[in-house]
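In this text, all values refer to a predicted model and were calculated from it rather than measured experimentally.
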Amino acid sequence: MSPTSTLRIAALALLWGSGFLWIKLALDHGLSPAQITIVRCALGTVTLLVLARSAGQRLPRSRATWGHLVIAALFCNAIPFALFAVGEQHLDSGIAGVLNATTPLWSLLIGVLLGTDRGLRPLRLTGLVVASPVRC
């Protein structure tokens, strides 16, 4: 792997992996979960707007598209961000990160239990067990 690729991966790991630490630090310095959520969403919005602008893309004009975007942002960003901040008022940031890493596992299990996902064949079950971050 080239040195540039290694630096990029290291920077990504630092940014991606430190999110829960930053939430804990913000809480310890007096920010509320709502304030943290607003700041995270605002920073993400500004970043995406800059990237879209630099790529020559325009924002959608359809009300229906904006309605879908608002619903997706609410359920995929704002609510989880707020819940992470509320949770970190009671948990260590490392525990919060590990619990977050189990999201795909819970999603698979809930999908199977609700009947909205394909069944657990041996290969999928093996992947679920091997990928589990918490082992007895």
Side-chain angles (χ1 to χ4, degrees):
M1 186 180 315
S2 72
T4 304
S5 295
T6 303
L7 286 174
R8 286 181 178 171
I9 289 174
L12 178 62
L14 180 65
L15 291 171
W16 195 277
S18 64
F20 293 99
L21 173 62
W22 292 115
I23 293 170
K24 186 59 124 180
L25 290 172
L27 287 168
D28 290 346
H29 284 85
L31 269 72
S32 71
Q35 291 169 320
I36 294 169
T37 302
I38 291 167
V39 169
R40 287 185 75 182
C41 290
L43 288 172
T45 300
V46 169
T47 301
L48 289 175
L49 287 173
V50 167
L51 290 172
R53 177 84 171 184
S54 68
Q57 296 177 346
R58 296 188 338 189
L59 295 176
R61 298 189 186 273
S62 163
R63 279 184 178 232
T65 301
W66 278 106
H68 291 120
L69 289 172
V70 166
I71 297 298
L74 182 67
F75 286 102
C76 297
N77 295 99
I79 292 174
F81 290 171
L83 291 175
F84 284 136
V86 168
E88 281 201 50
Q89 289 178 319
H90 309 284
L91 292 175
D92 184 54
S93 62
I95 299 291
V98 170
L99 289 173
N100 182 53
T102 66
T103 300
L105 305 174
W106 288 108
S107 299
L108 175 65
L109 288 175
I110 291 169
V112 168
L113 291 174
L114 293 177
T116 58
D117 202 87
R118 297 167 290 190
L120 273 181
R121 296 192 180 115
L123 185 60
R124 294 185 86 197
L125 187 57
T126 302
L128 181 66
V129 170
V130 169
S132 177
V134 180
R135 294 188 179 90
C136 296

Value for CD (Glu88) from CG (Leu99), rounded to nearest 0.5 Å, stands at 10.0 Å
Which atom pair, heavy atoms only, marks the closest approach of Lys24 to Ser93? CB-CB, 4.0 Å
Check: Ser2 side chain, Ser5 main-chain N or O, donor-acceptor pair, under 3.5 Å: yes
Return the CD to CD1 distance between Gln89 and Ile23, rounded to the nearest 0.5 Å. 11.0 Å
Test of understanding: with ring-ring contact (aromatic ring centres under 6.0 Å, His included), list the residues that count as partners of Phe81, not counting sequence neighbours. none
Scan the side chains in residues 65-75 for donor-acceptor partners under 3.5 Å anywhere in the protein, sequence neighbours excluded, and list what turns up.
{"from": "Trp66", "atom 1": "NE1", "to": "Pro60", "atom 2": "O", "distance (Å)": "2.7"}
{"from": "His68", "atom 1": "ND1", "to": "Ala64", "atom 2": "O", "distance (Å)": "2.9"}

Flag yes if Phe84 and Leu27 sit in one hydrophobic cluster, no otherwise; membership is Ile, Leu, Val, Met, Phe, Trp, Tyr, and two members link when side-chain heavy atoms are under 4.5 Å apart. yes
Which pairs of donor and acceptor atoms, one on a side chain in residues 43-51, lie under 3.5 Å apart (sequence neighbours left out)?
{"from": "Thr45", "atom 1": "OG1", "to": "Cys41", "atom 2": "O", "distance (Å)": "2.8"}
{"from": "Thr47", "atom 1": "OG1", "to": "Leu43", "atom 2": "O", "distance (Å)": "2.8"}

Measure the CG-CG distance between Leu114 and Leu109 for me, rounded to the nearest 0.5 Å. 11.0 Å
With a 4.5 Å cut-off on side-chain heavy atoms, are Pro33 and Leu83 touching? no
Are Arg40 and Asn77 close enough that some pair of their side-chain heavy atoms sits under 4.5 Å apart? no
In terms of heavy-atom contacts, does CG of Leu123 have more than 12 from other residues, nucleotides or ligands at under 6.0 Å? no
CG of Leu21 to CG of Asp92, rounded to nearest 0.5 Å, is 9.5 Å
Hey, is NE2 on His90 packed in by over 12 heavy atoms from elsewhere, all under 6.0 Å? yes
